[in-house]
Peer 1: 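Have a look at the structure that comes next, please.
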Amino acid sequence: MDIPGCINTRGWVYPTVLLCFYGFFTFLRPSEPFLTPYLTGPDHNLTIEQVTNSVFPVWTYSYLAILFPVFLLTDYLRYKPVIILQGLCYIVVWVLLLFAEGVSAMQGMEFVYGMVTATEIAYYAYIYSVVDAEHYQKVTSYCRSVTLVGFTVAAVLGQVLVSLAEVSYFYLNVITLASVSVAFVASIFLPMPSKTMFFHKRMEKEPVQEASREPTPQNDEDVEKEKKDTTNNHFFKVLWLLCKDLKHCYSSKELIYWSLWWALATAGYNQVVNYVQVLWEHVEPAQNATVYNGGVEAVSTFLGALASFVVGYVKVNWEVSGELALAIFSAVDAGSLFLMDYSINIWMCYAGYLIFKSSYMLLITIATFQIAVNLSMERYALMFGVNTFVALALQTILTLIVVDPRGLALDIVTQFLVYGCYFAVITGIFFVRSIYILISLYCQKSEETTKEQTQF
């Protein structure tokens, strides 16, 4: 029962507005496009090799190690505690960036940032547990678009403050800390969901069934033991059902190929985004000129959002042409990475990044739609989690071989040459697959035509 004059916390508007508020301020991080110049500048005095080979790889390892347990615990704990944890981790990250020094401290910062990205799933899943299905489309649009708005505003703000007001990178990080602190406070006021996608799906039905049974006298120890046994049985039952659902999801050959591209491309995309500032710093050191990283990130986000929007209106039979589109745009990604790698001009490097990010955003939108269109929300969430985990595993292998001191520890220019070749291999895989599909369709059509002629 809602009190007159008070905010209605049980409808869909209150949790949606509060979650969007949280999402906007967590993505309002004007310092992020300037992380590498900040770490290699006078505030931290790290070398470019330390940042590339010792600091940044920790994020990948942390993200991979934490993702799977967080994926299960997020649903089991009903989202809100994980969102609060994410807000707290954001604060820890920027406190370390501002006040800690040395390689070990920055490695600790990257480890905590891995927790931030791993818990991001709670932000996107929470809203479906507190609103009715009729509002899913609207709230999904609001929650996703507000993060793009926050990221774009932050990138523009950071660029304006650096270029026009000559604000130091340190104070950009102070602004970011204030922003994520506001988000953390907002997360505390989110309503606690009563149901989730997996573990608390039938929460409302089970008490009714229990109440209909004839009560039997039990002491406190027996009651506690029974509750614990029931909870354990339910937990493992849900895990078993998840495994069965996963087997069903990957029984489709088409979904396997779309998921394969998703995992391969996302691994490469994350690697490029994680190290692109290092390449920019190599081509045009921040100490020698004004950098425009924030402006480039803002434009790339806008172009990516525009590409994602436009693809929704393109009428194409993706079952026939999908793999060919994946091959073509993966080739565009490879070409843009080669452009960035061989360029000695920062503006050409920026242009290559804009092309790369827009192309990836276009394809990931198509892949998301193709995977989600024939699946329930629960199965889509499951596939999303597994595909992300596989992508992170591939990214970890790339990091160990290419970046880590225990591997080849390649310089940044050679790294981007490897990433370009990596996308060229993806192009080859899906080009061969698309040719196979087209030849199969041609042969099938020829057989049908022959049968029709034989009948007449």
Side-chain angles (χ1 to χ4, degrees), residues 16-38 56 59 63 83 86-87 89-91 93-94 97 110 113-124 126-127 139-163 167 169 171-184 186-187 266 269-277 280 291-310 350 353-365 368 388:
T16 303
V17 170
L18 199 55
L19 190 68
C20 287
F21 184 86
Y22 172 83
F24 177 81
F25 279 97
T26 54
F27 277 81
L28 188 67
R29 308 192 295 262
S31 62
E32 200 159 275
F34 306 96
L35 177 61
T36 299
Y38 175 64
F56 283 173
W59 170 75
Y63 192 2
I83 293 176
Q86 185 191 44
C89 287
Y90 268 120
I91 293 173
V93 165
W94 263 272
L97 273 172
E110 287 287 339
Y113 193 69
M115 292 184 65
V116 167
T117 47
T119 52
E120 202 168 76
I121 189 173
Y123 171 80
Y124 293 108
Y126 168 86
I127 200 64
V139 298
T140 301
S141 173
Y142 298 154
C143 293
R144 288 188 176 274
S145 61
V146 78
T147 59
L148 292 175
V149 172
F151 186 87
T152 304
V153 170
V156 172
L157 176 63
Q159 190 63 63
V160 169
L161 291 175
V162 168
S163 300
V167 173
Y169 298 137
Y171 287 105
L172 286 185
N173 282 284
V174 171
I175 296 171
T176 300
L177 176 60
S179 177
V180 297
S181 298
V182 169
F184 170 70
S187 70
T266 300
Y269 172 80
N270 286 342
Q271 198 74 352
V272 169
V273 170
N274 200 28
Y275 293 94
V276 72
Q277 288 187 31
W280 293 342
V291 295
Y292 295 93
N293 298 4
V296 172
E297 288 290 3
V299 174
S300 67
T301 302
F302 173 76
L303 291 177
L306 183 64
S308 300
F309 177 78
V310 168
Y350 283 154
Y353 180 69
L354 293 177
I355 296 169
F356 172 80
K357 191 169 182 178
S358 300
S359 177
Y360 171 81
M361 294 299 289
L362 174 75
L363 287 181
I364 200 67
T365 304
T368 300
T388 302

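The structure displayed is predicted, hence computed values, not measured ones.
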Peer 1: Measure the spacing between CZ of Phe151 and CD of Glu32 and express it to the nearest 0.5 Å.
Peer 2: 6.0 Å
Peer 1: Working to the nearest 0.5 angstrom, can you tell me the gap between Thr301 OG1 and Phe27 CZ?
Peer 2: 10.0 Å
Peer 1: Classify the side-chain pair Tyr360/Thr266 by whether it contains a donor and acceptor separated by less than 3.5 Å.
Peer 2: yes
Peer 1: Can you establish whether the number of heavy atoms outside Phe302 located under 6.0 Å from its atom CZ is more than 12?
Peer 2: no
Peer 1: Yes or no on side chain to side chain contact (heavy atoms under 4.5 Å, CB included) for Cys143 and Tyr126, after CA distance, side-chain angles and deciding distance?
Peer 2: CA-CA 10 Å; Cys143 293; Tyr126 168 86; over 6 Å; no
Peer 1: Indicate the atoms forming the closest heavy-atom contact of Ala155 with Gly294, along with that distance.
Peer 2: CB-O, 3.1 Å
Peer 1: Ignoring hydrogens and geometry, is there a side-chain-to-backbone donor-acceptor pair from Tyr38 to Leu172 under 3.5 Å?
Peer 2: no
Peer 1: For a 4.5 angstrom cut-off between non-hydrogen side-chain atoms, does Phe184 reach Ser187?
Peer 2: yes
Peer 1: Out of curiosity, Ile83 CD1 to Leu19 CG, how far, rounded to the nearest 0.5 Å?
Peer 2: 5.5 Å
Peer 1: If you take all heavy atoms of Pro37 and Gln277, which pair is closest and at what distance?
Peer 2: CD-OE1, 3.8 Å
Peer 1: How long is the straight-line distance from OH of Tyr142 back to OG1 of Thr16, given to the nearest 0.5 Å?
Peer 2: 8.5 Å
Peer 1: Taking only residues two or more places apart in sequence or in another chain, which ones pass side chain to side chain donor-acceptor pair (under 3.5 Å) with Gln86?
Peer 2: Tyr22
Peer 1: Considering all heavy atoms of both residues, which atom of Phe21 and which atom of Ala186 are nearest to each other, and what is their separation?
Peer 2: CD2-CB, 3.6 Å
Peer 1: For the backbone of Leu28 and the side chain of Ser179, can you confirm whether one donor and one acceptor N or O come within less than 3.5 Å of each other?
Peer 2: yes
Peer 1: Could you tell me whether the side chain of Val273 reaches within less than 4.5 Å of the side chain of Tyr353, counting heavy atoms only?
Peer 2: yes
Peer 1: Does the side chain of Val182 come within less than 4.5 Å of Phe24's, by heavy atoms?
Peer 2: no
Peer 1: Side chains of Leu363 and Tyr269: does their closest heavy-atom pair fall under 4.5 Å?
Peer 2: no
Peer 1: Please check if the side chain of Ser300 supplies one atom and the backbone of Glu297 the other of a donor-acceptor pair under 3.5 Å.
Peer 2: yes
Peer 1: Check for a donor-acceptor pair, side chain of Thr119 on one end and backbone N or O of Val116 on the other, with a separation under 3.5 Å.
Peer 2: yes
Peer 1: Should the pair Tyr169 and Phe34 be assigned to parallel (<30°), tilted (30 to 60°) or perpendicular (>60°) ring geometry?
Peer 2: parallel
Peer 1: Is the shortest heavy-atom distance from the side chain of Val162 to the side chain of Asn293 under 4.5 Å?
Peer 2: no
Peer 1: What's the spacing between Tyr350 OH and Trp280 CH2 if we round to 0.5 Å?
Peer 2: 6.0 Å
Peer 1: Let me confirm one number: the CD-OG1 distance from Glu120 to Thr388, rounded to the nearest 0.5 Å.
Peer 2: 10.0 Å
Peer 1: Under the side chain to side chain contact (heavy atoms under 4.5 Å, CB included) criterion, do Ile175 and Leu161 qualify, and how do the steps go?
Peer 2: CA-CA 11 Å; Ile175 296 171; Leu161 291 175; 3.7 Å; yes
Peer 1: Under 4.5 Å between any side-chain heavy atoms of Met361 and Leu306, yes or no?
Peer 2: no
Peer 1: Which heavy atom of Trp94 sits nearest a heavy atom of Ser31, and at what distance?
Peer 2: NE1-OG, 3.1 Å
Peer 1: Could you give me the CA-CA distance, side-chain angles and deciding distance for Asn173 and Leu177, then say whether side chain to side chain contact (heavy atoms under 4.5 Å, CB included) is met?
Peer 2: CA-CA 6 Å; Asn173 282 284; Leu177 176 60; over 6 Å; no
Peer 1: Could you check Phe356 against Val276 for side chain to side chain contact (heavy atoms under 4.5 Å, CB included), going step by step and ending with a plain yes or no?
Peer 2: CA-CA 11 Å; Phe356 172 80; Val276 72; over 6 Å; no
